[in-house]
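Input: a single structure, listed below in C-alpha coordinates.
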Amino acid sequence: MDTETTFPPIISVDDHTVEPPTVWQNRLPKKHRDTGPRIVRAPLKDMTFLGGRFKPVMGRPGDDGPVGDWWVYEDLRRPLTRLDTAVGYDRDEIRLEVITYEQMRPGSYDVPARLADMDVNHVQSALCFPTFPRFCGQTFTEAADRELALLCVRAYNDWMVEEWCGPEARGRLIPLTLIPLWDAELAAAEVRRNAARGVRAVAFSEIPPHLGLPSVHTDDWDPFLAACDETGTVVAMHIGSSSRMPSTSADAPPAVGSTITFANCCFSMVDWLMSGKFERFPNLRVMYAEGQIGWIPYILERADVVWEENRAWGGVADKVHRPPSELFAEHVYGCFFDDAFGLRNLDAIGVGNVLYETDYPHSDSTWPKSREVGEAQMGHLDAEVVERIVRGNAIELLGLTGDGLWPGPGGGAR
(Lines give C-alpha, C1' and ligand atoms only; values in the text may rest on other atoms or scores of the structure.)
Protein backbone atom coordinates (compact mmCIF):
# COMPACT_ATOMS: atom_id res chain seq x y z
CA MET A 1 0.00 0.00 0.00
CA ASP A 2 1.28 3.44 -0.90
CA THR A 3 2.13 5.14 2.39
CA GLU A 4 0.77 8.37 0.93
CA THR A 5 -2.64 6.78 0.40
CA THR A 6 -5.22 7.51 3.07
CA PHE A 7 -6.17 4.38 5.00
CA PRO A 8 -9.84 3.63 4.26
CA PRO A 9 -12.45 4.35 6.95
CA ILE A 10 -12.89 1.04 8.79
CA ILE A 11 -16.05 -1.04 8.79
CA SER A 12 -15.62 -3.26 11.84
CA VAL A 13 -17.51 -6.55 11.62
CA ASP A 14 -16.88 -7.45 15.25
CA ASP A 15 -17.48 -4.95 18.02
CA HIS A 16 -19.68 -5.39 21.07
CA THR A 17 -22.50 -3.62 22.84
CA VAL A 18 -23.11 -3.75 26.58
CA GLU A 19 -26.88 -3.63 26.86
CA PRO A 20 -28.33 -0.76 28.92
CA PRO A 21 -30.25 -1.86 32.05
CA THR A 22 -33.64 -1.06 30.50
CA VAL A 23 -33.50 -3.21 27.34
CA TRP A 24 -35.85 -5.89 28.64
CA GLN A 25 -37.61 -4.00 31.40
CA ASN A 26 -38.89 -1.53 28.81
CA ARG A 27 -40.08 -4.17 26.36
CA LEU A 28 -41.32 -7.24 28.21
CA PRO A 29 -44.97 -7.57 29.21
CA LYS A 30 -45.47 -6.42 32.80
CA LYS A 31 -46.08 -9.95 34.09
CA HIS A 32 -42.55 -10.98 33.03
CA ARG A 33 -40.54 -8.06 34.36
CA ASP A 34 -39.84 -9.63 37.75
CA THR A 35 -38.29 -12.70 36.13
CA GLY A 36 -36.95 -11.16 32.93
CA PRO A 37 -33.42 -9.71 32.69
CA ARG A 38 -32.82 -6.81 35.08
CA ILE A 39 -29.86 -5.16 36.78
CA VAL A 40 -29.14 -5.57 40.51
CA ARG A 41 -26.18 -4.01 42.31
CA ALA A 42 -24.56 -6.53 44.65
CA PRO A 43 -21.19 -7.66 46.03
CA LEU A 44 -19.07 -10.40 44.49
CA LYS A 45 -18.63 -13.53 46.59
CA ASP A 46 -16.36 -15.50 44.27
CA MET A 47 -15.32 -15.57 40.61
CA THR A 48 -13.05 -17.92 38.66
CA PHE A 49 -12.15 -18.33 34.99
CA LEU A 50 -10.27 -21.59 34.54
CA GLY A 51 -10.33 -24.27 31.88
CA GLY A 52 -12.39 -21.99 29.65
CA ARG A 53 -15.22 -21.78 32.21
CA PHE A 54 -16.41 -18.52 33.77
CA LYS A 55 -17.96 -19.04 37.22
CA PRO A 56 -19.12 -15.94 39.16
CA VAL A 57 -21.00 -16.13 42.48
CA MET A 58 -23.11 -13.17 43.65
CA GLY A 59 -23.05 -12.22 47.30
CA ARG A 60 -25.94 -10.92 49.40
CA PRO A 61 -26.56 -7.27 50.31
CA GLY A 62 -24.20 -6.30 53.11
CA ASP A 63 -21.65 -9.04 52.35
CA ASP A 64 -18.00 -8.13 52.03
CA GLY A 65 -16.53 -7.98 48.56
CA PRO A 66 -16.31 -5.62 45.59
CA VAL A 67 -19.66 -4.29 44.39
CA GLY A 68 -20.77 -4.59 40.79
CA ASP A 69 -23.84 -4.55 38.58
CA TRP A 70 -25.34 -7.98 37.95
CA TRP A 71 -27.80 -9.20 35.38
CA VAL A 72 -30.44 -11.28 37.13
CA TYR A 73 -32.66 -13.53 35.01
CA GLU A 74 -34.51 -16.56 36.40
CA ASP A 75 -31.74 -18.36 38.34
CA LEU A 76 -28.90 -16.71 36.43
CA ARG A 77 -26.57 -14.20 38.11
CA ARG A 78 -24.10 -12.67 35.64
CA PRO A 79 -21.95 -9.64 36.58
CA LEU A 80 -20.61 -6.92 34.36
CA THR A 81 -16.84 -7.36 34.29
CA ARG A 82 -13.82 -5.35 33.29
CA LEU A 83 -13.28 -7.82 30.44
CA ASP A 84 -16.65 -6.75 29.00
CA THR A 85 -15.39 -3.20 28.59
CA ALA A 86 -11.65 -2.81 28.90
CA VAL A 87 -10.81 -0.06 26.41
CA GLY A 88 -9.23 3.03 27.90
CA TYR A 89 -7.45 1.03 30.61
CA ASP A 90 -3.78 0.12 30.71
CA ARG A 91 -3.20 -3.55 29.86
CA ASP A 92 -1.80 -4.22 33.33
CA GLU A 93 -4.97 -2.76 34.89
CA ILE A 94 -7.32 -5.11 33.03
CA ARG A 95 -8.24 -7.83 35.48
CA LEU A 96 -11.12 -10.23 35.95
CA GLU A 97 -13.21 -8.05 38.27
CA VAL A 98 -16.81 -6.93 38.64
CA ILE A 99 -17.73 -3.36 37.71
CA THR A 100 -20.73 -1.03 37.58
CA TYR A 101 -22.02 0.94 34.61
CA GLU A 102 -20.37 4.03 36.06
CA GLN A 103 -16.99 2.26 35.90
CA MET A 104 -17.16 1.42 32.21
CA ARG A 105 -16.50 3.56 29.18
CA PRO A 106 -19.85 5.12 28.13
CA GLY A 107 -19.28 4.09 24.52
CA SER A 108 -19.91 0.53 25.65
CA TYR A 109 -23.64 1.16 26.02
CA ASP A 110 -24.41 4.71 24.83
CA VAL A 111 -24.86 5.42 21.11
CA PRO A 112 -23.48 9.00 20.89
CA ALA A 113 -20.49 8.02 23.04
CA ARG A 114 -19.92 4.96 20.84
CA LEU A 115 -19.92 7.05 17.67
CA ALA A 116 -17.41 9.43 19.27
CA ASP A 117 -15.11 6.52 20.12
CA MET A 118 -15.48 5.20 16.58
CA ASP A 119 -14.38 8.60 15.28
CA VAL A 120 -11.27 8.45 17.45
CA ASN A 121 -10.47 5.02 15.98
CA HIS A 122 -11.02 5.81 12.27
CA VAL A 123 -14.09 3.53 12.26
CA GLN A 124 -17.03 4.51 10.11
CA SER A 125 -19.45 1.63 10.81
CA ALA A 126 -19.61 -1.32 13.18
CA LEU A 127 -21.49 -4.59 13.64
CA CYS A 128 -21.95 -5.35 17.35
CA PHE A 129 -22.34 -8.67 19.14
CA PRO A 130 -24.28 -8.87 22.44
CA THR A 131 -22.94 -9.18 25.97
CA PHE A 132 -25.59 -10.38 28.43
CA PRO A 133 -27.34 -12.72 25.93
CA ARG A 134 -23.83 -14.02 25.12
CA PHE A 135 -22.52 -14.24 21.59
CA CYS A 136 -25.45 -16.08 20.00
CA GLY A 137 -28.20 -15.72 22.58
CA GLN A 138 -27.43 -18.93 24.45
CA THR A 139 -28.47 -17.23 27.70
CA PHE A 140 -32.08 -17.47 26.52
CA THR A 141 -31.63 -20.98 25.15
CA GLU A 142 -30.64 -22.16 28.62
CA ALA A 143 -33.68 -20.55 30.27
CA ALA A 144 -36.49 -22.63 31.77
CA ASP A 145 -39.39 -20.49 30.54
CA ARG A 146 -39.32 -20.71 26.74
CA GLU A 147 -42.24 -18.34 26.32
CA LEU A 148 -40.34 -15.67 28.22
CA ALA A 149 -37.10 -16.56 26.42
CA LEU A 150 -38.70 -15.98 23.03
CA LEU A 151 -40.02 -12.62 24.21
CA CYS A 152 -36.50 -11.77 25.41
CA VAL A 153 -34.98 -12.63 22.02
CA ARG A 154 -37.53 -10.49 20.22
CA ALA A 155 -37.12 -7.64 22.70
CA TYR A 156 -33.36 -7.66 22.18
CA ASN A 157 -33.80 -7.60 18.41
CA ASP A 158 -36.28 -4.71 18.64
CA TRP A 159 -33.85 -2.76 20.79
CA MET A 160 -30.97 -3.57 18.41
CA VAL A 161 -32.84 -2.37 15.32
CA GLU A 162 -34.87 0.50 16.76
CA GLU A 163 -32.47 1.99 19.31
CA TRP A 164 -28.88 0.79 19.04
CA CYS A 165 -29.05 1.05 15.24
CA GLY A 166 -31.83 3.63 15.26
CA PRO A 167 -31.85 7.18 13.84
CA GLU A 168 -29.34 8.43 16.43
CA ALA A 169 -26.72 6.05 14.97
CA ARG A 170 -27.08 7.64 11.50
CA GLY A 171 -26.51 4.30 9.76
CA ARG A 172 -23.11 3.78 11.40
CA LEU A 173 -24.19 0.90 13.60
CA ILE A 174 -25.13 -2.28 11.73
CA PRO A 175 -27.76 -4.58 13.28
CA LEU A 176 -26.95 -8.13 14.32
CA THR A 177 -29.93 -10.05 15.68
CA LEU A 178 -30.55 -13.23 17.68
CA ILE A 179 -32.71 -16.28 17.11
CA PRO A 180 -34.46 -18.74 19.46
CA LEU A 181 -31.86 -21.47 19.02
CA TRP A 182 -34.12 -24.13 20.51
CA ASP A 183 -36.59 -24.08 17.60
CA ALA A 184 -35.45 -23.84 13.96
CA GLU A 185 -38.93 -22.88 12.72
CA LEU A 186 -39.18 -20.03 15.21
CA ALA A 187 -35.62 -19.09 14.28
CA ALA A 188 -36.57 -18.92 10.60
CA ALA A 189 -39.55 -16.70 11.42
CA GLU A 190 -37.31 -14.34 13.41
CA VAL A 191 -34.79 -14.16 10.57
CA ARG A 192 -37.55 -13.20 8.14
CA ARG A 193 -39.09 -10.70 10.59
CA ASN A 194 -35.80 -8.89 10.92
CA ALA A 195 -34.79 -9.21 7.27
CA ALA A 196 -38.03 -7.38 6.42
CA ARG A 197 -36.67 -4.37 8.33
CA GLY A 198 -33.23 -4.42 6.74
CA VAL A 199 -31.23 -6.78 8.99
CA ARG A 200 -28.64 -8.82 7.12
CA ALA A 201 -26.77 -10.63 9.91
CA VAL A 202 -27.79 -13.12 12.59
CA ALA A 203 -25.72 -14.62 15.41
CA PHE A 204 -25.27 -18.39 15.56
CA SER A 205 -23.18 -20.90 17.51
CA GLU A 206 -19.84 -22.05 16.14
CA ILE A 207 -20.42 -25.57 17.54
CA PRO A 208 -24.13 -26.06 18.41
CA PRO A 209 -23.67 -29.52 20.03
CA HIS A 210 -21.70 -27.84 22.82
CA LEU A 211 -24.99 -26.11 23.68
CA GLY A 212 -26.93 -29.38 23.56
CA LEU A 213 -28.24 -28.54 20.09
CA PRO A 214 -28.10 -30.49 16.80
CA SER A 215 -24.99 -30.26 14.64
CA VAL A 216 -24.97 -28.73 11.17
CA HIS A 217 -24.65 -32.25 9.76
CA THR A 218 -28.31 -32.90 10.56
CA ASP A 219 -31.37 -31.53 8.77
CA ASP A 220 -32.65 -29.92 11.97
CA TRP A 221 -31.35 -26.46 11.07
CA ASP A 222 -32.69 -26.46 7.50
CA PRO A 223 -35.68 -24.13 8.15
CA PHE A 224 -33.31 -21.57 9.67
CA LEU A 225 -30.71 -21.97 6.93
CA ALA A 226 -33.38 -21.72 4.24
CA ALA A 227 -34.54 -18.41 5.73
CA CYS A 228 -30.96 -17.09 5.72
CA ASP A 229 -30.46 -18.31 2.16
CA GLU A 230 -33.66 -16.65 0.94
CA THR A 231 -33.13 -13.31 2.68
CA GLY A 232 -29.38 -12.93 2.23
CA THR A 233 -28.85 -13.03 5.99
CA VAL A 234 -25.25 -13.78 7.00
CA VAL A 235 -24.68 -16.39 9.73
CA ALA A 236 -22.23 -14.70 12.13
CA MET A 237 -20.32 -16.91 14.57
CA HIS A 238 -18.17 -15.38 17.28
CA ILE A 239 -15.47 -17.19 19.21
CA GLY A 240 -17.03 -18.51 22.40
CA SER A 241 -20.49 -18.81 20.87
CA SER A 242 -20.54 -22.45 21.88
CA SER A 243 -20.15 -21.46 25.57
CA ARG A 244 -16.89 -23.36 25.65
CA MET A 245 -13.64 -21.59 24.95
CA PRO A 246 -10.78 -23.82 23.80
CA SER A 247 -8.58 -25.01 26.62
CA THR A 248 -6.41 -27.97 27.55
CA SER A 249 -7.30 -28.78 31.15
CA ALA A 250 -9.60 -27.76 33.96
CA ASP A 251 -6.82 -25.78 35.62
CA ALA A 252 -5.34 -24.13 32.52
CA PRO A 253 -5.04 -20.36 33.02
CA PRO A 254 -7.04 -18.04 30.72
CA ALA A 255 -3.86 -17.28 28.75
CA VAL A 256 -3.96 -20.80 27.28
CA GLY A 257 -7.48 -20.37 25.91
CA SER A 258 -6.77 -16.81 24.80
CA THR A 259 -3.88 -18.05 22.65
CA ILE A 260 -5.97 -20.70 20.90
CA THR A 261 -9.29 -18.87 20.61
CA PHE A 262 -9.32 -19.59 16.87
CA ALA A 263 -9.57 -23.35 17.48
CA ASN A 264 -13.37 -23.53 17.68
CA CYS A 265 -13.60 -21.51 14.45
CA CYS A 266 -11.27 -24.01 12.84
CA PHE A 267 -13.40 -26.98 13.97
CA SER A 268 -16.59 -25.18 12.98
CA MET A 269 -15.43 -24.27 9.50
CA VAL A 270 -14.52 -27.88 8.75
CA ASP A 271 -17.99 -28.90 9.96
CA TRP A 272 -19.64 -26.50 7.53
CA LEU A 273 -17.37 -27.39 4.61
CA MET A 274 -18.09 -31.11 5.07
CA SER A 275 -21.81 -30.72 5.82
CA GLY A 276 -23.17 -30.26 2.32
CA LYS A 277 -25.13 -27.18 3.44
CA PHE A 278 -23.39 -24.80 1.07
CA GLU A 279 -24.51 -26.86 -1.91
CA ARG A 280 -28.06 -27.16 -0.59
CA PHE A 281 -28.26 -23.45 0.20
CA PRO A 282 -26.21 -21.71 -2.49
CA ASN A 283 -26.78 -18.17 -1.18
CA LEU A 284 -25.71 -19.01 2.37
CA ARG A 285 -22.77 -17.03 3.80
CA VAL A 286 -21.04 -17.53 7.16
CA MET A 287 -18.45 -15.41 8.97
CA TYR A 288 -16.13 -16.09 11.91
CA ALA A 289 -15.80 -13.08 14.18
CA GLU A 290 -12.55 -12.72 16.12
CA GLY A 291 -11.26 -16.02 14.74
CA GLN A 292 -8.29 -14.45 12.91
CA ILE A 293 -7.19 -15.83 9.53
CA GLY A 294 -3.63 -17.19 9.69
CA TRP A 295 -4.78 -20.78 10.27
CA ILE A 296 -7.08 -20.92 7.23
CA PRO A 297 -4.63 -21.88 4.41
CA TYR A 298 -3.54 -25.17 5.96
CA ILE A 299 -7.07 -26.20 6.89
CA LEU A 300 -8.22 -25.63 3.30
CA GLU A 301 -5.27 -27.62 1.99
CA ARG A 302 -5.94 -30.49 4.37
CA ALA A 303 -9.70 -30.45 3.73
CA ASP A 304 -9.14 -30.71 -0.02
CA VAL A 305 -6.77 -33.67 0.44
CA VAL A 306 -9.25 -35.48 2.69
CA TRP A 307 -12.12 -34.75 0.29
CA GLU A 308 -10.11 -36.08 -2.66
CA GLU A 309 -8.38 -39.05 -1.09
CA ASN A 310 -10.75 -40.23 1.65
CA ARG A 311 -14.22 -39.47 0.40
CA ALA A 312 -15.02 -43.16 -0.23
CA TRP A 313 -15.06 -43.79 3.49
CA GLY A 314 -15.16 -40.23 4.84
CA GLY A 315 -18.94 -39.85 4.76
CA VAL A 316 -19.05 -36.87 2.39
CA ALA A 317 -19.06 -38.33 -1.13
CA ASP A 318 -22.82 -38.10 -1.45
CA LYS A 319 -23.20 -34.50 -0.24
CA VAL A 320 -19.99 -32.56 -0.91
CA HIS A 321 -19.43 -32.55 -4.65
CA ARG A 322 -16.81 -29.83 -4.92
CA PRO A 323 -13.45 -29.26 -3.22
CA PRO A 324 -13.89 -27.60 0.19
CA SER A 325 -11.57 -24.76 -0.83
CA GLU A 326 -14.00 -23.83 -3.62
CA LEU A 327 -16.90 -23.82 -1.17
CA PHE A 328 -14.89 -21.66 1.21
CA ALA A 329 -14.23 -19.10 -1.51
CA GLU A 330 -17.94 -18.70 -2.18
CA HIS A 331 -19.42 -18.98 1.31
CA VAL A 332 -16.98 -18.28 4.20
CA TYR A 333 -15.44 -15.10 5.62
CA GLY A 334 -12.63 -14.91 8.15
CA CYS A 335 -12.43 -11.86 10.43
CA PHE A 336 -9.29 -10.47 12.07
CA PHE A 337 -8.06 -7.51 14.07
CA ASP A 338 -4.37 -8.40 14.46
CA ASP A 339 -2.96 -11.08 12.17
CA ALA A 340 0.19 -10.11 10.29
CA PHE A 341 0.89 -13.75 9.41
CA GLY A 342 -2.51 -14.20 7.80
CA LEU A 343 -2.06 -11.03 5.75
CA ARG A 344 1.30 -12.28 4.48
CA ASN A 345 -0.54 -15.37 3.21
CA LEU A 346 -3.57 -13.59 1.82
CA ASP A 347 -3.25 -15.23 -1.60
CA ALA A 348 -3.90 -18.63 -0.01
CA ILE A 349 -7.03 -17.31 1.75
CA GLY A 350 -8.60 -15.03 -0.83
CA VAL A 351 -8.87 -11.24 -0.82
CA GLY A 352 -12.65 -11.50 -1.02
CA ASN A 353 -12.93 -13.70 2.07
CA VAL A 354 -11.37 -11.43 4.68
CA LEU A 355 -13.00 -8.80 6.91
CA TYR A 356 -11.50 -6.33 9.41
CA GLU A 357 -12.61 -5.71 12.99
CA THR A 358 -11.62 -3.74 16.09
CA ASP A 359 -13.25 -5.77 18.94
CA TYR A 360 -14.27 -2.62 20.85
CA PRO A 361 -14.59 -2.53 23.90
CA HIS A 362 -12.93 -5.87 24.81
CA SER A 363 -9.45 -6.40 26.20
CA ASP A 364 -8.13 -7.64 22.83
CA SER A 365 -9.37 -4.52 21.07
CA THR A 366 -6.95 -2.51 18.96
CA TRP A 367 -8.86 0.70 19.89
CA PRO A 368 -7.84 3.51 19.59
CA LYS A 369 -5.08 2.38 17.20
CA SER A 370 -6.92 0.12 14.76
CA ARG A 371 -5.87 2.31 11.86
CA GLU A 372 -2.21 2.21 12.89
CA VAL A 373 -2.34 -1.59 13.32
CA GLY A 374 -3.95 -1.95 9.91
CA GLU A 375 -1.43 0.34 8.24
CA ALA A 376 1.48 -1.58 9.76
CA GLN A 377 0.17 -5.02 8.84
CA MET A 378 -1.26 -4.16 5.39
CA GLY A 379 1.59 -1.95 4.22
CA HIS A 380 2.73 -4.53 1.66
CA LEU A 381 -0.70 -4.74 0.01
CA ASP A 382 -2.03 -2.72 -2.92
CA ALA A 383 -4.45 0.05 -2.04
CA GLU A 384 -7.39 -1.67 -3.74
CA VAL A 385 -6.77 -4.83 -1.72
CA VAL A 386 -6.68 -2.84 1.51
CA GLU A 387 -9.93 -1.13 0.51
CA ARG A 388 -11.65 -4.50 0.07
CA ILE A 389 -10.43 -5.90 3.37
CA VAL A 390 -11.10 -2.81 5.46
CA ARG A 391 -14.54 -2.00 4.04
CA GLY A 392 -15.41 -3.25 0.55
CA ASN A 393 -16.07 -6.88 1.43
CA ALA A 394 -18.22 -5.85 4.41
CA ILE A 395 -20.28 -3.47 2.27
CA GLU A 396 -21.05 -6.26 -0.17
CA LEU A 397 -21.66 -8.95 2.47
CA LEU A 398 -23.87 -6.89 4.79
CA GLY A 399 -25.87 -5.01 2.17
CA LEU A 400 -24.55 -1.58 3.14
CA THR A 401 -24.75 1.53 1.02
CA GLY A 402 -21.81 2.48 -1.16
CA ASP A 403 -20.85 4.88 1.62
CA GLY A 404 -20.62 2.00 4.09
CA LEU A 405 -23.77 2.81 6.07
CA TRP A 406 -26.66 0.59 7.11
CA PRO A 407 -29.59 1.63 4.90
CA GLY A 408 -32.08 1.32 7.75
CA PRO A 409 -35.42 -0.47 8.04
CA GLY A 410 -36.73 1.01 4.80
CA GLY A 411 -33.73 -0.21 2.83
CA GLY A 412 -32.90 3.25 1.53
CA ALA A 413 -30.01 5.48 2.48
CA ARG A 414 -30.61 7.73 5.46
Side-chain angles (χ1 to χ4, degrees), residues 10-27 37-39 69 71 73 78-88 99-121 123-140 152-179 194 198-204 234 236-241 287 289-290 335 337 357-367 370 394 398 405-406:
I10 297 165
I11 297 178
S12 174
V13 297
D14 170 34
D15 285 356
H16 300 265
T17 179
V18 176
E19 300 79 19
T22 57
V23 169
W24 290 276
Q25 291 297 298
N26 284 355
R27 288 168 183 78
R38 58 205 182 277
I39 286 289
D69 284 335
W71 282 105
Y73 169 47
R78 199 280 190 193
L80 301 181
T81 74
R82 177 55 61 208
L83 299 186
D84 292 331
T85 172
V87 292
I99 60 171
T100 65
Y101 278 93
E102 290 81 5
Q103 293 171 304
M104 71 172 67
R105 193 171 184 88
S108 303
Y109 58 88
D110 178 75
V111 171
R114 171 61 63 93
L115 298 184
D117 278 354
M118 289 163 61
D119 290 340
V120 168
N121 201 31
V123 173
Q124 180 192 32
S125 306
L127 181 84
C128 297
F129 283 81
T131 297
F132 169 70
R134 312 216 299 282
F135 294 143
C136 66
Q138 56 266 60
T139 292
F140 303 123
C152 286
V153 168
R154 290 174 175 167
Y156 177 87
N157 292 341
D158 291 345
W159 169 79
M160 169 61 63
V161 174
E162 297 165 8
E163 291 197 36
W164 185 251
C165 301
E168 196 172 33
R170 305 194 305 278
R172 297 182 62 189
L173 295 173
I174 306 162
L176 172 70
T177 51
L178 304 177
I179 55 169
N194 291 306
V199 177
R200 291 293 176 267
V202 63
F204 191 65
V234 181
M237 294 171 282
H238 195 284
I239 59 166
S241 57
M287 56 169 272
E290 210 173 319
C335 312
F337 58 81
E357 58 186 45
T358 77
D359 196 30
Y360 179 105
H362 285 182
S363 61
D364 266 340
S365 179
T366 51
W367 186 92
S370 299
L398 298 171
L405 302 175
W406 180 51

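Residue numbers start at 1 and run along the sequence shown. Quantities reported herein were computed from a predicted structural model and do not represent experimental measurements.
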Practice task
Walk me through it: do F337 and E290 pass the test side chain to side chain contact (heavy atoms under 4.5 Å, CB included)?
Solution key: CA-CA 7 Å; F337 58 81; E290 210 173 319; 3.5 Å; yes

Practice task
Check step by step if side chain to side chain contact (heavy atoms under 4.5 Å, CB included) holds for Y360 and T366.
Solution key: CA-CA 8 Å; Y360 179 105; T366 51; over 6 Å; no

Handout entry: Worked verdict on L173 versus V111 for side chain to side chain contact (heavy atoms under 4.5 Å, CB included)
Key = CA-CA 9 Å; L173 295 173; V111 171; 4.2 Å; yes

Handout entry: side chain to side chain contact (heavy atoms under 4.5 Å, CB included) between L405 and S125, worked out
Key = CA-CA 7 Å; L405 302 175; S125 306; 3.9 Å; yes

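A donor-acceptor pair is defined here as one N or O able to donate and one able to accept, closer than 3.5 Å; no such pair exists between the side chain of S12 and the backbone of A126. In this structure, Q124 contributes its side chain and R172 its backbone to no donor-acceptor pair below 3.5 Å. Although no hydrogens or angles enter the test, the distance criterion places a donor-acceptor pair under 3.5 Å between the side chain of W24 and the main chain of C152. Under the 3.5 Å distance criterion, the side-chain polar atoms of R200 are left unmatched by any main-chain donor or acceptor of P175. The backbone N or O of I174 lies less than 3.5 Å from no partner atom in the side chain of W164, so there is not a single donor-acceptor pair. Counting only distance, with no hydrogens or angles, the side chain of R154 and the backbone of N157 share no donor-acceptor pair below 3.5 Å. Judged by distance alone, the side chain of D15 and the main-chain N or O of D359 form a donor-acceptor pair under 3.5 Å. Judged by distance alone, the side chain of T358 and the main-chain N or O of W367 form no donor-acceptor pair under 3.5 Å.
By the 30° and 60° cut-offs, the orientation of the rings of F135 relative to F129 is perpendicular.
The distance between the ring centers of Y73 and F140 falls below 6.0 angstrom.
Here the closest heavy-atom approach between residue P20 and residue Y101 is recorded as C-OH, 3.8 Å. Of all heavy-atom pairs spanning C136 and L178, the tightest one is C-CD2, 3.9 Å.
Residues M160 and C165 meet the side-chain proximity criterion, which asks for heavy atoms closer than 4.5 Å. When side chains are defined from C-beta on, L115 does not count as touching E168, because their heavy atoms never get closer than 4.5 Å. The side-chain heavy atoms of H16 and C128, taken from C-beta on, include no pair separated by under 4.5 Å.
Side chains of D69 and T100: no donor on one and acceptor on the other come within 3.5 Å. Using modelled atom types, one finds a donor on one side chain and an acceptor on the other under 3.5 Å when comparing R134 with T139. Residues S108 and T85 bring a donor and an acceptor atom of their side chains to less than 3.5 Å of each other.
Considering only residues two or more places apart in sequence or on other chains, R78 meets the salt bridge (charged side-chain N to carboxylate O under 4.0 Å, His left out) condition with D84. Listed by chain and residue number, nothing satisfies the salt bridge (charged side-chain N to carboxylate O under 4.0 Å, His left out) test with E19 (two or more places apart in sequence, or in another chain).
Residue pairs meeting the salt bridge (Lys or Arg N to Asp or Glu O under 4.0 Å) criterion with at least one member in residues 102-117, sequence neighbours excluded, are R41-E102, R105-D117.
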